[in-house]
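To start, the structure under review is shown below, and the notes come after it.
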Amino acid sequence: MDEERQETPLRRGWTTGACATAATRAAYEALMSGAFPDPVEIRLPGGERPAFALARSEAGEGFASAAIVKDAGDDPDVTHGALVGARVSRGAPGTGIQFRAGPGVGMVTRPGLPIEVGEPAINPVPRKMIGEAVAEAAAALGTPTDVVVEISIADGVRLAERTLNGRLGIVGGLSVLGTTGIVIPFSCSAWIHSIHRGIDVARATGLAHVAGATGSTSEAAIAKLHGLPDVALIEMGDFVGGMLKYLRKHPVARVSVAGGPAKMSKLGQGLLDLHSKRGAVDLAELADLVRENGGGDELADAVAVANSAKHVFDLAAARHFALGDLIVARAWTTAAQALRGSGIELEVVLFDRAGGLVARTPFRPVP
């Protein structure tokens with residue numbers, strides 16, 4: 001009997017927020033009691049109680065600090081392996097917990113994010129987790145919760161260059177993120193969450209036109225086409241539906257959807273998730289489209305057995321058949337369905353791999 005081949009499950013990890021919470025609890029306990037708990041246990045929003053080993057600890061006059069090495073599991077997180085630290089010092093009576101951005105943690109400079117402008121980029125859930133960890137430790141020790149908590153991330157300024165923080169108006173470092181405390185490898189929800197925050201920031205800055213692109217080439221091309229600033233560019237990737245459904249409830253006046261031949265062909269097929277695992281380019285459908293629109297049997301037959309979407313478009317271009325116009329029209333219909341009832345003016349733009357314009361629809365309001 002053949003043995004079934006088992007795939008190894010991807011290992012989960014801890015968010016930056018969870019690591020910051022653990023570092024804060026350890027530093028708080030050391031400040032108040034003189035002893036660092038190692039490992040240090042915290043409670044996650046879902047009730048789990050993981051323990052974290054301390055990578056560094058230090059106590060001085062009126063402060064204590066601790067740091068955790070972030071383990072993001074098998075997720076390709078830019079902060080995997082980063083040293084996440086907390087420095088805790090006493091605050092004035094009645095002030096509660098005051099948050100500060102230490103080295104490597106950014107500051108919010110644009111409206112539209114869940115944190116006010118001028119505040120450290122420590123998101124609401126990590127703030128709540130840190131507050132609960134301090135309160136739990138304070139209750140056990142019989143000590144006050146009036147403290148200043150400074151969160152730092154080693155090398156955070158450099159790591160932030162590989163994130164969307166600059167576009168979102170978070171300057172000087174990384175954000176302290178996480179809603180569950182747990183990193184799920186290759187999380188689609190995390191990407192869609194970043195799309196939503198990008199839209200929030202664009203709306204809050206008063207922009208009337210945003211553009212979502214499937215990749216860096218189409219993003220650069222759509223920005224150049226319309227002269228759009230960075231804050232108007234939504235890193236949509238494969239998640240067209242995730243962007244458009246959010247825009248339906250949080251509209252702007254104009255939306256552009258941009259991509260290359262394969263992604264726009266799949267959007268034209270009715271797919272709103274354009275990842276290869278969700279579906280392939282339907283060559284038979286493209287062949288029928290060619291035949292039904294006067295492309296002829298010879299081209300249709302060649303399309304049906306083409307090697308790729310690029311090959312399909314090369315074949316069409318060689319015969320001066322405007323396949324791109326048909327694709328963007330179909331893609332517009334799919335995208336408009338996700339925006340139905342919004343009144344948003346929508347366009348779909350198709351670029352080649354070099355960023356050259358292949359076809360575009362006019363802006364038309366979605367009924």
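It should be emphasised that the depicted structure is a prediction, and the values quoted were computed from it without experimental measurement.
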| task | State the CZ-NZ distance between Arg340 and Lys245, to the nearest 0.5 angstrom. | result | 8.5 Å

| task | Hey, could you give me the CD/CG distance between Glu219 and Leu228, rounded to the nearest 0.5 Å? | result | 10.0 Å

| Met264 reachable from Val290 in the ILVMFWY side-chain graph, under 4.5 Å edges | yes

| query | Can you say whether the rings of Tyr246 and His196 are parallel (under 30°), tilted (30 to 60°) or perpendicular (over 60°)? | reply | parallel

| request: Give a yes or no answer on whether the side chain of Asp146 reaches the backbone of Gly91 with a donor-acceptor pair at less than 3.5 Å. | output: no

| remark: Interatomic distance, CD1@Ile222 vs NE2@His209, rounded to 0.5 Å, equals 6.5 Å

| request: Work out which heavy atom in Val157 is nearest to a heavy atom in Gly172; give both atom names and the distance. | output: CG2-O, 3.4 Å

| query | Which pair of non-hydrogen atoms, one from Val312 and one from Ala306, has the smallest distance, and what is that distance? | reply | CG2-CB, 3.6 Å

| message | For the CG atom of Asn123 and the NE2 atom of His193, what is their distance to the nearest 0.5 Å? | response | 6.0 Å

| task | Determine, using the 4.5 Å side-chain heavy-atom cutoff (strictly less than), whether Phe363 and Ile344 are members of one ILVMFWY cluster. | result | no

| Using 4.0 Å as the upper bound for N to carboxylate O, is an ion pair formed by Arg360 and Asp325? | no

| query | Is there a side-chain contact between Val147 and Gln98, using heavy atoms and a 4.5 Å cut-off? | reply | no

| query | Can you check whether Leu267's main-chain N or O pairs, donor with acceptor, with Thr334's side chain at less than 3.5 Å? | reply | yes

| Between Thr333 and Ala329, is there a donor-acceptor pair closer than 3.5 Å when you use the side chain of the first and the backbone of the second? | yes

| field | salt bridge (charged side-chain N to carboxylate O under 4.0 Å, His left out) between Arg330 and Glu292, intermediate numbers included | value | CA-CA 14 Å; Arg330 285 158 53 93; Glu292 292 165 3; over 6 Å; no

| message | To the nearest 0.5 Å, what is the distance between CD1 on Ile115 and CZ on Phe99? | response | 9.0 Å

| field | Joint cluster assignment, Ile170 & Leu207, ILVMFWY side-chain distance < 4.5 Å | value | yes

| said: Could you check whether Glu119 pairs with Arg127 (Lys NZ or Arg NE/NH1/NH2 to Asp/Glu carboxylate O, under 4.0 Å)? | reply: yes

| remark: Exactly one of Val257, Ile327, Val366 clears side chain to side chain contact (heavy atoms under 4.5 Å, CB included) with Trp332, and that residue is Val366

| task | Answer yes or no: is there an ion pair linking Asp273 with Lys266, defined by an N-O contact shorter than 4.0 Å? | result | no

| query | Which is it for Arg278 and Leu272 under the side-chain contact (heavy atoms from CB on, under 4.5 Å) test, yes or no, and what are the steps along the way? | reply | CA-CA 9 Å; Arg278 302 293 183 265; Leu272 287 171; over 6 Å; no

| Any side-chain heavy atom of Trp14 sitting closer than 4.5 Å to one from Leu44? | yes

| query | Where the side chain of Arg56 meets the backbone of Ser65, is there a donor-acceptor pair that is under 3.5 Å apart? | reply | no

| query | For Glu235 and Leu164, what are the C-alpha separation, side-chain angles and deciding distance, and is it a side-chain contact (heavy atoms from CB on, under 4.5 Å)? | reply | CA-CA 8 Å; Glu235 195 163 329; Leu164 296 176; 2.8 Å; yes

| field | Close side-chain approach of Ser152 and Arg87, heavy atoms under 4.5 Å | value | no

| Is the side chain of Glu29 donor-acceptor paired with the backbone N or O of Val40 at a distance under 3.5 Å, no angle test? | no

| Least distance between heavy atoms, Ala258 atom then Ser218 atom | O-OG, 3.9 Å

| query | Is Leu350 close to Pro261 at the side-chain level, that is, under 4.5 Å between some pair of heavy atoms? | reply | yes

| Side-chain heavy atoms of Ile199 within contact of Ile234, under 4.5 Å | yes

| For Val148 and Val88, what are the C-alpha separation, side-chain angles and deciding distance, and is it a side-chain contact (heavy atoms from CB on, under 4.5 Å)? | CA-CA 6 Å; Val148 177; Val88 180; over 6 Å; no

| query | Where the side chain of Ser175 meets the backbone of Leu177, is there a donor-acceptor pair that is under 3.5 Å apart? | reply | no

| task | May I ask whether Val252 and Phe239 are part of the same hydrophobic cluster, defined by side-chain heavy atoms of I, L, V, M, F, W, Y residues being less than 4.5 angstrom apart, directly or through others? | result | yes

| Mind checking what makes ring-ring contact (aromatic ring centres under 6.0 Å, His included) contact with Phe36, not counting sequence neighbours? | none

| message | When you measure from the side chain of Thr214 to the backbone of Lys263, do you find a donor-acceptor pair of N or O atoms at a distance under 3.5 Å? | response | no

| How far apart are the closest heavy atoms of Ala101 and Met107, and which atoms are they? | CB-SD, 3.7 Å

| Minimum heavy-atom separation for Pro111 to Thr205, with atom names? | CD-CG2, 4.3 Å

| Ala82 backbone acceptor or donor facing Thr79 side chain under 3.5 Å | no

| query | Should the pair Asp200-Arg203 be classified as a salt bridge under the 4.0 Å nitrogen-to-oxygen rule? | reply | no

| Steps toward side-chain contact (heavy atoms from CB on, under 4.5 Å) verdict (Val201, Arg197) | CA-CA 6 Å; Val201 169; Arg197 297 295 75 78; 5.6 Å; no

| Does one hydrophobic cluster hold both Leu168 and Leu174, with members joined at side-chain heavy-atom distances below 4.5 Å? | no

| Are Leu289 and Leu323 close enough that some pair of their side-chain heavy atoms sits under 4.5 Å apart? | yes

| task | Using a cut-off of 6.0 Å, state whether more than 12 heavy atoms not belonging to Arg364 lie near its atom CZ. | result | yes

| Residue pair Val183 / Arg12, side-chain heavy-atom distance below 4.5 Å | no

| query | Which residues satisfy the salt bridge (Lys or Arg N to Asp or Glu O under 4.0 Å) test with Arg319, sequence neighbours excluded? | reply | Glu298

| task | Check whether any side-chain N or O of Asp352 sits under 3.5 Å from a backbone N or O of Gly356 as a donor-acceptor pair, and report yes or no. | result | yes

| task | Under the side-chain hydrogen bond (donor to acceptor under 3.5 Å, both in side chains) rule, what do Tyr28 and Thr145 come out as? Steps first, then yes or no, please. | result | CA-CA 9 Å; Tyr28 176 85; Thr145 58; over 6 Å; no

| task | Taking all heavy atoms of Ile151 and all of Ala86, pick out the closest pair and write down the distance. | result | CD1-CB, 3.8 Å

| Under a 4.0 Å N-O cut-off, is there an ion pair linking Arg254 with Glu347? | no

| Point-to-point distance, once rounded to the nearest 0.5 Å, from CZ of Arg43 to OG1 of Thr21 | 12.0 Å

| request: Side-chain contact test, heavy atoms from C-beta onward, threshold under 4.5 Å: evaluate it for Lys70 versus His80 and give yes or no. | output: no

| query | Is the backbone N or O of Gly62 less than 3.5 Å from a side-chain atom of Ser89, with the two atoms forming a donor-acceptor pair by type? | reply | no

